[in-house]
Amino acid sequence: PRLRDAVALLLFGALASALISSSIGTLVLLASGEHPYSGLGSAWLIYWLGDSTGALLVTPVVLTLPTLLKIGTGARFAELCCLAVMLVALSSAVFADLPLMPVKMIAFAILPIVFLAGIRFGVGGAALSIFLVATVATVETALGSGSFASSTPFMDGIQLDAFFTLLSLTGLTFAALYSERERAEQERAQSLRQQVAMEVRLQSQEDLRDSEERLRLAQQTARMGTFEWNIKTGVNTWNSELEALYGLPAGGFGKTQEAFEHLVHPEDRGRVKDLVIQALKTGNPTKGEWRVIWPDGSLHWIAGQWQVFM
C-alpha cells in the first residue's frame with residue numbers, strides 16, 4: 001500500500017466513518033431511553049473510539065493477510081513467527097503489573113518491534129504486530145493489570161482506544177512510508193538497469209555498424225565479396241561487393257545455387273560443382289578459381305574460398 005492509501009484508511013476509513021456509526025449508536029440509545037456511562041457525550045466518545053480503533057486494528061490485517069500468507073514455510077515464515085512470539089512476550093511483560101518495571105513509563109516500548117515488523121514484512125507485518133499488541137493489552141487490562149487499568153471501565157476503554165489509535169497511526173504510517181521508499185528505490189534501480197542495458201545495446205549496434213562499414217570498404221578496396229548459403233532453405237545470399245564481381249547490380253543475384261552456377265563458364269561449371277560437393281562432404285576449407293561470364297558477355301576470373309559449417 002502507498003502512503004496516501006494508509007493515510008486515507010486512517011483518516012476516512014477509521015476515524016471519519018466512526019463518526020457516523022457512533023452518532024447513530026448514541027441516537028439509538030437516546031431513543032430507547034438508556035443512559036450509558038455518565039451521559040450522551042461519554043457514550044458518543046466511547047462509541048467513536050471503539051469503532052475507529054476496531055477499524056484500525058482489524059481492517060489492515062484483513063487487507064494484508066493474503067500477502068502475508070504468500071511468505072510460505074521457509075526462513076521468512078520462521079522469522080515472522082519468531083517476531084510474533086517476541087512481540088507477544090514483550091507485550092505481556094509491558095502490560096503486566098511487574099513490581100520492578102515502571103509499567104506506565106514503557107507502554108510504547110513495543111513500538112520499535114512494530115517498526116521492525118514494518119521494515120521486514122511491510123504494512124502487513126506492522127498491522128499484524130499492532131493487532132497482537134492490542135489483543136494482549138486488552139486482555140491484561142480486562143484482568144486489572146497493566147498501564148491502562150484504572151478504577152472505572154470507561155477510563156480503561158478511553159485509555160486503551162487512545163493508545164491503539166496512536167500505535168496504529170504511528171506503526172501503519174511508518175510501514176507505508178518505508179514500503180513506498182523501498183518501492184521507489186527498486187523502480188529507480190530497475191530504470192537505471194534498463195538505461196544501462198539500452199546504452200550497451202545501442203553502443204553494440206553502433207560498433208556493429210562501424211565494423212560492417214569497415215568490412216565493406218575493405219572488400220571494395222580489395223575487390224572481395226562474401227556470401228552465405230543456407231543449405232536447408234536453399235537461400236544463397238550475396239553482398240553487393242560479390243554481385244559487382246560477377247557484373248551484377250546490387251540485389252541482382254537470384255539467391256540460389258543454380259543462379260550462381262549459371263554465372264560460371266560452362267567449361268568450369270563441372271569443376272566448381274565438384275568443389276562444392278567436396279566441401280559439403282568434408283567440411284574443410286575449400287578454394288578454387290573459375291571463369292565467369294558477365295551479363296555484357298565479357299569473361300572474368302574469380303578466386304573463391306569457403307567452408308561449410310554443420
Side-chain angles (χ1 to χ4, degrees), residues 1-19 21-22 47-95 106-142 146-148 157-186:
R2 295 170 296 181
L3 177 61
R4 63 182 183 182
D5 296 332
V7 173
L9 171 65
L10 297 174
L11 295 181
F12 299 104
L15 302 181
S17 64
L19 293 174
S21 60
S22 60
Y47 265 123
W48 178 67
L49 288 175
D51 291 348
S52 60
T53 53
L56 288 175
L57 295 175
V58 177
T59 304
V61 175
V62 173
L63 293 178
T64 58
L65 185 60
T67 302
L68 287 177
L69 293 178
K70 294 179 181 179
I71 293 177
T73 57
R76 291 276 291 168
F77 180 76
E79 180 184 0
L80 179 62
C81 291
C82 291
L83 188 63
V85 171
M86 181 174 61
L87 188 61
V88 170
L90 181 61
S91 300
S92 300
V94 167
F95 295 105
I106 61 170
F108 284 92
I110 43 80
L111 193 57
I113 309 299
V114 175
F115 287 167
L116 177 61
I119 292 174
R120 297 297 300 158
F121 300 98
V123 177
L128 180 61
S129 300
I130 294 169
F131 181 80
L132 293 176
V133 172
T135 301
V136 175
T138 301
V139 172
E140 294 284 358
T141 303
S147 303
F148 307 111
I158 293 296
Q159 292 181 83
L160 276 177
D161 289 340
F163 173 71
F164 296 158
T165 300
L166 291 176
L167 186 63
S168 298
L169 288 172
T170 306
L172 293 178
T173 302
F174 172 82
L177 183 61
Y178 186 87
S179 298
E180 188 170 320
R181 192 194 70 172
E182 286 290 302
R183 182 167 52 252
E185 290 180 354
Q186 292 176 0

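This structure is a prediction, so every number in the text was calculated from the model and none was measured. Only this structure's heavy atoms are used, side chains among them; waters, hydrogens and symmetry mates stay out.
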Euclidean distance, R76 CZ relative to C81 SG, rounded to 0.5 Å: 12.0 Å

For R181, all residues meeting side-chain hydrogen bond (donor to acceptor under 3.5 Å, both in side chains), sequence neighbours excluded: none

Side chain to side chain contact (heavy atoms under 4.5 Å, CB included) partner of L169, chosen from L167, L172, T165: T165

Pairs touching residues 127-138 that satisfy side-chain hydrogen bond (donor to acceptor under 3.5 Å, both in side chains), sequence neighbours left out: none

Derivation and outcome, side-chain contact (heavy atoms from CB on, under 4.5 Å), residues T67 and V123: CA-CA 10 Å; T67 302; V123 177; over 6 Å; no

Between OG1 on residue T64 and CG on residue L69, distance to nearest 0.5 Å: 9.5 Å

CD1 on I110 to OG on S92, rounded to 0.5 Å: 11.5 Å

With sequence neighbours excluded, residues passing side-chain hydrogen bond (donor to acceptor under 3.5 Å, both in side chains) with E79: R120

CZ (F131) with more than 12 external heavy atoms under 6.0 Å: no

side-chain contact (heavy atoms from CB on, under 4.5 Å) between F121 and L128, intermediate numbers included: CA-CA 10 Å; F121 300 98; L128 180 61; over 6 Å; no

Minimum-distance pair of heavy atoms, taken over all atoms of A175 and A126: CB-CB, 3.7 Å

Exercise: identify the closest heavy-atom pair between P60 and A127: CB-CB, 3.6 Å

Test log, rule side-chain contact (heavy atoms from CB on, under 4.5 Å), inputs F164 and I130: CA-CA 8 Å; F164 296 158; I130 294 169; over 6 Å; no

Over all atoms of both residues, closest heavy-atom pair of L68 and G125: CD2-N, 4.0 Å

A84 to L132 - nearest heavy-atom pair and separation: CB-CD1, 3.8 Å

